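Encoded as structure tokens, the structure appears first; notes follow it.
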Amino acid sequence: MKRTCLVLQGGHLHSSHHIPASGKGREKEGQVDGMLRTFLPCYRRQLAAAVLRHISQELGPQDPARCQLSHTKKLPRVREHQGPLTLLQGHPPQWQPTFCVLRGDGRLEWFSHKENYESGGRPLGFAALTGYTLLTSQREYLCLLDDLCPSSSGDLALEEPLRVLEEPVSFTLFLVHPFRAHLCFCARSRGAHRAWRLSLQGAIRLRATVLQRSRAPAACAFLDAVLLYRRRRGYAGGDDGILGSDAEVLSAELMRELLPGLRAQTLRSLRGAGRARARACAEFLDAVHAAVLAWASSGLRAFQPEKDALLAALERMVRADLEQILQQRALGARRIEAEIQDAVEACLCQKVDPQLPQLTLALLSPVEATLQAVRTLLIQGMDRLCHYLRKNPSGTRLCREVYEFGEIPWDPELMQACYREAERNHSHLVQLAKPFDFLGMRSLVFGAQDLAQQLMAAAVTTFLQLADQCLTSALDRSQAAEQLGKVRGLVLKKFTSDSETTRWRFTRDWLLGIFWPFVWSQLGLRCNLEPPEVDGDILAMGWQVLTTEGVYRDVIQGLLLQRIDRELKKVLGASDRACCLADCSVAQWVQEGAEEEADAQL
């Protein structure tokens with residue numbers, strides 16, 4: 001039996017199975033091409049729907065619950081972190097000292113020495129942290145290896161190469177991934193371990209939610225297209241499969257399809273005991289993933305000119321014909337709603353209504369705790385600035401405090417209390433969402449943590465802008481402190497307003513995300529609901545910005561949102577602001593289309 005040889009060189013995994021050049025490599029490349037041929041038509045259709053949704057919201061009635069706080073122009077980032085870590089590497093693996101740098105884009109690099117980094121040398125290795133999970137327990141990591149590749153009793157004598165992992169090590173950091181090489185580090189002290197843990201967790205989240213943070217039509221369309229692609233391949237539930245950039249999401253999707261076969265094939269060709277084979281298998285999968293990612297990135301880059309042209313043409317067409325499109329949509333929605341309302345209502349009554357109150361409360365609890373933690377941290381920061389202003393309004397210490405206040409949203413240590421609250425009720429939520437095949441709890445927690453960071457960034461930006469406007473050199477220390485106190489009060493008022501809106505919107509969106517795929521799959525089973533899709537050039541067909549499946553989706557989501565909004569009003573109390581959130585539910589489409597149709601008849 002041929003043994004697979006894997007070594008780590010310059011941060012890249014090299015294998016006797018040279019993926020890109022081999023027959024197996026060409027097979028994988030063909031699978032990526034096949035996936036893109038299936039996926040891109042879904043993407044084109046969703047681009048049309050996203051452009052229509054974006055323009056109709058832009059030109060429609062404005063949301064009275066618009067944000068009060070000023071949005072920061074700073075892009076979300078990881079605060080760069082660096083320092084010595086010991087890395088498990090080599091064959092056989094040994095703990096070796098390295099100097100590590102976590103970049104602002106969430107990439108981790110490691111160098112042989114600090115001097116090598118400072119002189120601009122190339123790193124020994126690097127890893128983009130998308131999709132990784134951070135473990136800090138040595139026992140937990142060993143259990144993971146055992147689960148990946150169980151050892152028989154006769155294998156124990158062969159475990160010698162990984163005895164190093166069984167020796168007690170302090171302050172460990174294990175970065176694990178379902179199909180990428182594991183990275184095992186240990187820090188020098190408890191304080192260094194905590195700093196690295198918080199920074200790495202922030203980097204993992206930043207890279208995971210890059211598409212979710214974007215409101216651009218192309219990003220929204222891509223996420224919808226992935227869900228449509230997966231649904232057509234028989235998977236209806238929500239999970240964490242849409243974390244990362246576009247190429248990373250598609251690569252992960254294909255790797256999940258290939259994983260069982262790849263793992264079985266690789267384990268057959270590897271000698272050694274369970275844990276060593278598990279690590280070697282992860283390294284081999286890393287090489288496959290790198291090749292798949294390169295091919296997926298190339299395919300999406302090739303599609304970019306067509307996508308840009310399609311977006312521009314769609315925008316021109318939708319803006320010119322928006323009134324007619326909305327009328328057509330409203331007519332189609334009313335017809336479809338009449339056809340399926342009974343089936344939808346039966347599904348909602350039997351499956352959704354019994355669980356909706358519990359899920360609503362379980363979601364609201366961590367969101368409210370997170371927002372309260374953000375408010376507390378914001379007040380502490382503003383009070384600290386007011387304190388230093390009273391002491392010395394022109395000192396260098398005050399300047400430093402102003403800078404540090406502006407950095408609060410990007411400081412993982414300060415924001416940790418907020419992020420921790422976002423993980424509240426995690427186990428309870430998992431259990432409540434399980435009957436609906438929802439496995440996206442990591443995405444949900446990341447979303448709540450992103451929400452905390454974005455709200456803090458907006459509040460900090462607003463405070464500094466208002467303070468800059470009202471503080472002048474003509475004010476004495478007492479007057480300046482009084483003005484800053486007024487700014488503090490105004491910012492808290494704006495923060496409260498935005499918090500109410502955010503709480504409602506976040507809970508509403510995630511309840512929809514949990515229930516909607518499940519309801520769609522249930523209706524498919526009951527009613528054989530597979531609305532036909534029209535392939536081909538959307539622009540040439542004109543009205544194909546309105547797909548049958550898209551209108552079905554809006555109708556079902558509209559009926560589901562009526563239930564969700566009713567429950568939220570019951571829990572939170574009716575609020576004009578909360579109830580007027582802009583959305584793309586069928587009620588909005590039908591109302592707008594009906595009004596325009598009536599005007600046309602007059």
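For reference, positions follow the sequence shown, starting with 1. All values derive from a computational prediction rather than experimental measurement.
Between Glu500 and Arg505, none of the side-chain N atoms (NZ, or NE/NH1/NH2) sits under 4.0 Å from a carboxylate O, so this pair counts as no salt bridge. Salt-bridge check for Arg44 with Glu306: passed, with a basic side-chain N closer than 4.0 Å to an acidic carboxylate O. One finds a salt bridge joining Glu58 and Arg319 here, because a Lys/Arg side-chain nitrogen approaches an Asp/Glu carboxylate oxygen to under 4.0 Å. The pair Arg231-Glu549 meets the salt-bridge criterion, since a charged nitrogen lies less than 4.0 angstrom from a carboxylate oxygen. Comment: Asp565 engages Arg508 in a salt bridge, judged by a side-chain N to carboxylate O separation of less than 4.0 angstrom. In summary, Arg256 and Glu253 engage in a salt bridge, as defined by a charged side-chain N under 4.0 Å from a carboxylate O. Asp224 and Arg53 are joined by a salt bridge, as a carboxylate oxygen and a charged side-chain nitrogen come within less than 4.0 angstrom of each other.
Annotation: side chain of Val460 is in contact with side chain of Pro409 (closest heavy-atom distance under 4.5 Å). Looking at Lys434 and Phe438, their side chains never come closer than 4.5 Å, going by heavy atoms from C-beta outward. The shortest side-chain heavy-atom distance between Thr370 and Leu455 does not fall under the 4.5 Å cut-off. In this structure, Trp504 and Lys569 have side chains that are in contact, with non-hydrogen atoms separated by less than 4.5 Å. Counting only heavy atoms from C-beta outward, the side chains of Ile242 and Leu211 never approach each other to under 4.5 Å. Using a 4.5 Å cut-off on side-chain heavy atoms (C-beta onward), Lys493 and Ser497 make no contact. Between Leu568 and Thr507, some side-chain heavy-atom pair lies under the 4.5 Å cut-off. With contacts defined as side-chain heavy-atom distances shorter than 4.5 Å, the pair Leu429/Leu363 qualifies.
For the pair Gly106 and Arg207, the tightest heavy-atom approach, listed with the atom from each and the gap, is O-CD, 3.3 Å. When every heavy atom of Ala369 is checked against every heavy atom of Glu421, the shortest pair comes out as CB-OE1, 3.3 Å. Between Leu546 and Ile325, the shortest heavy-atom contact is CD1-O, 3.5 Å. The shortest non-hydrogen separation linking Leu36 to Gly299 is CD1-CA, 3.7 Å. Taking every heavy atom of both residues into account, Leu378 and Met456 meet most closely at N-CE, 3.7 Å. Between His71 and Thr461, the shortest heavy-atom contact is O-CG2, 4.3 Å.
Counting only distance, with no hydrogens or angles, the side chain of Asp498 and the backbone of Cys67 share no donor-acceptor pair below 3.5 Å. Although no hydrogens or angles enter the test, the distance criterion places no donor-acceptor pair under 3.5 Å between the side chain of Thr209 and the main chain of Gln212. A distance-only check finds a donor-acceptor pair linking the side chain of Glu248 to the backbone of Ser245 [under 3.5 Å].
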Task: Steps toward side-chain contact (heavy atoms from CB on, under 4.5 Å) verdict (Asp246, Leu250) - done: CA-CA 6 Å; Asp246 51 3; Leu250 288 185; 5.9 Å; no
Open item on the list: I'd like to know whether Leu243 forms a side-chain contact (heavy atoms from CB on, under 4.5 Å) with Val249, so could you lay out the CA-CA distance, the side-chain angles of the two residues, the decisive distance to 0.1 Å, and finally the verdict.
Closed with: CA-CA 6 Å; Leu243 295 177; Val249 169; 5.9 Å; no
Task: Residues Asp105, Arg77; criterion salt bridge (Lys or Arg N to Asp or Glu O under 4.0 Å); working and verdict - done: CA-CA 6 Å; Asp105 63 355; Arg77 70 184 191 279; over 6 Å; no
Open item on the list: Walk me through whether Leu559 and Glu337 qualify under side-chain contact (heavy atoms from CB on, under 4.5 Å).
Closed with: CA-CA 9 Å; Leu559 295 171; Glu337 184 173 355; 3.6 Å; yes
Task: Tyr419/Arg205 under side chain to side chain donor-acceptor pair (under 3.5 Å): CA gap, chis, key distance, verdict - done: CA-CA 11 Å; Tyr419 297 155; Arg205 175 175 55 83; 3.1 Å; yes
TODO: Start with the C-alpha distance between Tyr552 and Glu339, add both sets of side-chain angles, then the distance that settles side-chain contact (heavy atoms from CB on, under 4.5 Å), and finish with yes or no.
DONE: CA-CA 10 Å; Tyr552 266 93; Glu339 292 174 3; 3.8 Å; yes
Open item on the list: With salt bridge (Lys or Arg N to Asp or Glu O under 4.0 Å) as the criterion, how do Glu368 and Arg424 come out once you've worked through the C-alpha distance, each side chain's angles and the decisive distance to 0.1 Å?
Closed with: CA-CA 10 Å; Glu368 290 176 336; Arg424 270 194 181 196; over 6 Å; no
Task: Worked verdict on Arg375 versus Thr496 for side chain to side chain donor-acceptor pair (under 3.5 Å) - done: CA-CA 9 Å; Arg375 179 186 176 88; Thr496 299; 3.1 Å; yes
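Between the CE atom of Met415 and the CD atom of Glu407 there is a distance of 12.5 Å, given to the nearest 0.5 Å. For the atom pair CD of Gln355 and CG of Leu511, the computed distance is 12.0 Å after rounding to the nearest 0.5 Å. Atom CD1 of Ile204 is separated from atom NE2 of His177 by 9.5 Å, given to the nearest 0.5 angstrom. Note: Lys351 NZ to Leu356 CG = 15.5 Å, rounded to the nearest 0.5 Å. Taking CG from Leu560 and CG from Leu348, the interatomic distance works out to 6.0 Å, rounded to the nearest 0.5 Å. Rounding to the nearest 0.5 Å places CD1 of Ile408 at 5.0 Å from CG of Leu377.
Under the 6.0 Å distance and 45° angle rule, Arg553 does not count as a cation-pi partner of Trp520. Relative to the six-membered ring of Phe39, Arg232 misses at least one condition, a distance below 6.0 Å or an angle of at most 45° to the axis.
A donor-acceptor contact closer than 3.5 angstrom is absent between the side chains of Thr462 and Gln465. Side chains of Thr360 and Glu567: no donor on one and acceptor on the other come within 3.5 Å. Under 3.5 Å, the side chains of Asp450 and Gln454 contain no donor-acceptor pair of N or O atoms.
Ring-plane geometry between Trp510 and Phe506 is classed as tilted, the angle between the planes lying from 30 to 60 degrees on a 0 to 90 degree scale. Relative orientation of the Tyr43 and Phe303 rings is tilted, given thresholds of 30° and 60° on the angle between their planes.
The aromatic ring centroids of Phe436 and Phe515 lie less than 6.0 Å from each other.
Thr38 pairs by the side chain to side chain contact (heavy atoms under 4.5 Å, CB included) definition with Tyr229, not counting sequence neighbours.
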